[in-house]
Amino acid sequence: MHSNGAELAKASDDLAIQTSNLTKIFNSLVAVDDIELNIKRGELFALLGPNGAGKTTTINMLCCLLKPTGGTATIMGYDINQHPFKVKELIGVSPQETAISEHLNCWENLALIGRIHGMEARELRIRSQKLLETVGLDERAKEQVRKFSGGMKRRLNIMMALIHNPEVLFLDEPTLGLDPQARRAIWEYIVRLKGKKTILLTTHYMDEADFLADRIGIMDKGKIVALGTSTELKISVLKKHTIVIYAWNLTQKVIIEMRSKYDEVEVTNGTIVITDKRLDFKEIVDFLHASGAVVRSAYIKEPTLDDVFLHITGKELRE
Amino acid sequence: MRFLGLASRNLKETYRDPLALGFLLAFPLLFMLLFGVVVGSETTPNFPIGIIDDDHTQVSQSFVNEALVEVDAFEVSTYDDATKAMKDLKFGDLKAYIVIPQGFSEQVIQSGQGDTANINLNITYDESDIMISDQIISIINAVTRDFADIEIPITINANPIHIETEITYIDFIAPGIIIFGLLIMIPTSARIIIHDKEKGMLSRLLTTPARPVDFIAGYSLCLIAIAIVQIIIFIAAAWGFGMDIVGSLWLAFLIYFLASLCSIGIGMVVASLTKTENQAEPLCWLFAMPLAILSGCWFSVEIMPSYMRNIAYAFPYAHAIDASRGVLIRGVGLEALSTDLLFLTGWAVVIFSIGIILFRRSMRS
């Protein structure tokens, strides 16, 4: 029993964020419903779910902005209810709404947060320079940020969460409303942070969670309905496979024959989509060739997190 | 020293926003300009005033000849009895007439010796023009108080400049308008804080280790700097419009400073209780405008019913107007103002404490 206790202590040492029965109720709305989460140090964890699932409420409780209605959480071992200011020293938060001081320039915005965290002028200057270079804001660093584009503001928004080199980073919808190019740039930067910081990221973009996260928690109506790596989640729902084939010279005979063989066969403009529990890629392509069709392309369609979400909740992730 | 970082940011946000800064200074200045033009030196109103001296003493005669006659706004004519004066008032030849009752000189001398005895003057005036009658009454009021002060044998020698003092309308109105300018600090303070709240900046800052007192200090320092600049500009503008500054400028500054602290405090409380600019802004004006009227920014508090006056004096601004008029017009010193100053200080302390408590409560909901 003794060794078991020691192991437990060690296990919680490895955890950066740990919640137990974390609950938030606004009037009668249960925004976050009894969440149990364990996020390891250095892990990038994504909370994925539609708007209103309770992702931001969860983050707001963890960074001591909202008091939980029930349950609690620890950040690096400090309880959010008992030691909120200790927690605040350890975390960096990039809020969902871009919250920057519009009439200040990049340097001044970073210094604002840095100074509150007690950074020294020299350290602040060096780190600001480095961060601004990394996200390509150094050339316009002396301009008031109200003149910036949405993407630039977003980047600064994230850098303000990082200036004091926090151990735990909260990124609430870091690429909300950005064009694909700007999103890519932010993703690349977040990837570089992987392993160095514990990151809790919320998003309603499945590709973002898929691309960035070590583990994903799918959230719906205040609950975490599925948890695991992207692959684990996909395998869990993988009951049928889908192959998409683009081919010429398809005859009606071939299609009828395939429909008799497989569960679902859809044909539109030379594209055949075949879905069944068991599919053999080679067998299908060989059959088509033998029937005189010319296969131009064929691929196995991977399940997406959207499929996972649909499977679990019965609705599409995208509204 | 977390609050210094917050304060310097708040200041930059303010002075780098020319439109907001412009409004802050221009609005009260515009008022002063309007009053300056309307009642400025070139266009002093001319009120025909009748005087009946029933006291027939040297004091009452000098009151008429040295005080009342010297008022630019008055065209004084003397009457032997009230019947003729009433007739002229009815015909519109007079705007008002004053009866100096018997015993006036004794009352003046007694009050000069520190007694709290009232000085009685009977004023009959034409009610049809409220603005004018208000002005006449407040001018007579000021002139009489001024006169009673100089008749004190001891102070005559101490303050000989008083004899030169001419109380014009701008002298009377300017301290009130300055307070009106400082009342506008209520919406200003609330706006600066609520803007951060609405834009999510406050939430972001609340995820840092800054404490409630850092936020209050950070906002206050910025607002205090704004208030100091405002007070200097207002006093300079009032002086430019011809306001005489008889007493200590520092004392006047202190009074205005305390009044602006109260405004900042009220603004913070409103910002703590509201969520958006759309809620905060009307609520602030709901405070500021009635307070401006009640406290006597434009009219003398004396003309109000007594219950209204009681409400007015529960707030700091009527005290600030009285005290600053006393300093600027009559050269009253620190001792005479200690009650008003204590009241102002107390108000500032209480409202700031409430602000901190409310802010702490709203930090984490």
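Naming: A, B, ... by sequence-line order, numbering from 1 per chain. What you see below is based on every heavy atom in this structure, not just the backbone, and it leaves out hydrogens, waters and symmetry mates.
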A.B. asks: Report, by ascending residue number, the residues of residues 102-110 of chain A in heavy-atom contact with chain B at a distance under 4.5 Å; give 'none' if the set is empty.
C.D. replies: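 A/E102, A/H103, A/L104, A/N105, A/E108, listed by number.
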A.B. asks: Atom CH2 of residue position B/W239 - does it have more than 12 heavy atoms of other residues, nucleotides or ligands inside 6.0 Å?
C.D. replies: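 Open: at most 12 neighbouring heavy atoms sit under 6.0 Å from CH2 of B/W239.
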A.B. asks: Hey, which of A/N60, A/V93, A/V87, A/T98 has the most heavy atom pairs under 4.5 Å with chain B?
C.D. replies: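 Option with the greatest count: A/V93.
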A.B. asks: Please classify the contact of B/T14 with chain A as side chain, backbone, both or neither, using a heavy-atom distance under 4.5 Å.
C.D. replies: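 Nothing of B/T14, per the 4.5 Å heavy-atom cut-off to chain A.
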A.B. asks: Check this for me: A/Y78, atom OH, are more than 12 non-hydrogen atoms of other residues, nucleotides or ligands nearer than 6.0 Å?
C.D. replies: no
A.B. asks: Tabulate, in ascending numerical order, the residues of residues 207-235 of chain B having at least one heavy atom closer than 4.5 Å to a heavy atom of chain A, or enter 'none'.
C.D. replies: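 Residues B/T207, B/T208, B/P209, B/A210, B/R211, B/P212 are the ones that qualify, each having a heavy atom under 4.5 Å from chain A.
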A.B. asks: Within a reach of under 6.0 Å around NZ of A/K130, are more than 12 heavy atoms found that belong to other residues, nucleotides or ligands?
C.D. replies: no
A.B. asks: Count the heavy atoms belonging to other residues, nucleotides or ligands that lie under 6.0 Å from NZ of B/K12, then report whether that count exceeds 12.
C.D. replies: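 More than 12 within 6.0 Å, yes.
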A.B. asks: Surrounding NZ of A/K194 (heavy atoms of other residues, nucleotides or ligands, distance under 6.0 Å), is the total greater than 12?
C.D. replies: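 Counting neighbours around NZ of A/K194, more than 12 heavy atoms of other residues, nucleotides or ligands fall under 6.0 Å, so yes.
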A.B. asks: Side chain, backbone, both or neither: which part of B/L4 has an atom under 4.5 Å from a heavy atom of chain A?
C.D. replies: both
A.B. asks: Which residue out of A/Q96, A/E97, A/M160 racks up the most heavy-atom pairs below 4.5 Å with chain B?
C.D. replies: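 Among the listed options, the one with the most contacts to chain B is A/M160.
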A.B. asks: Assess whether atom CZ of B/F287 is packed by more than 12 heavy atoms of other residues, nucleotides or ligands within 6.0 Å.
C.D. replies: no
A.B. asks: Closest approach of B/G200 and A/A99, non-hydrogen atoms and distance?
C.D. replies: O-CB, 3.5 Å
A.B. asks: Could you look at A/A161 and say if it's the side chain, the backbone, both or neither that has a heavy atom under 4.5 Å from chain B?
C.D. replies: both
A.B. asks: Taking A/S101 as the fixed residue, which of B/R204, B/K199, B/R9, B/R16 is the one that meets the side chain to side chain donor-acceptor pair (under 3.5 Å) rule?
C.D. replies: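 Of all the options given, the one that passes is B/R9.
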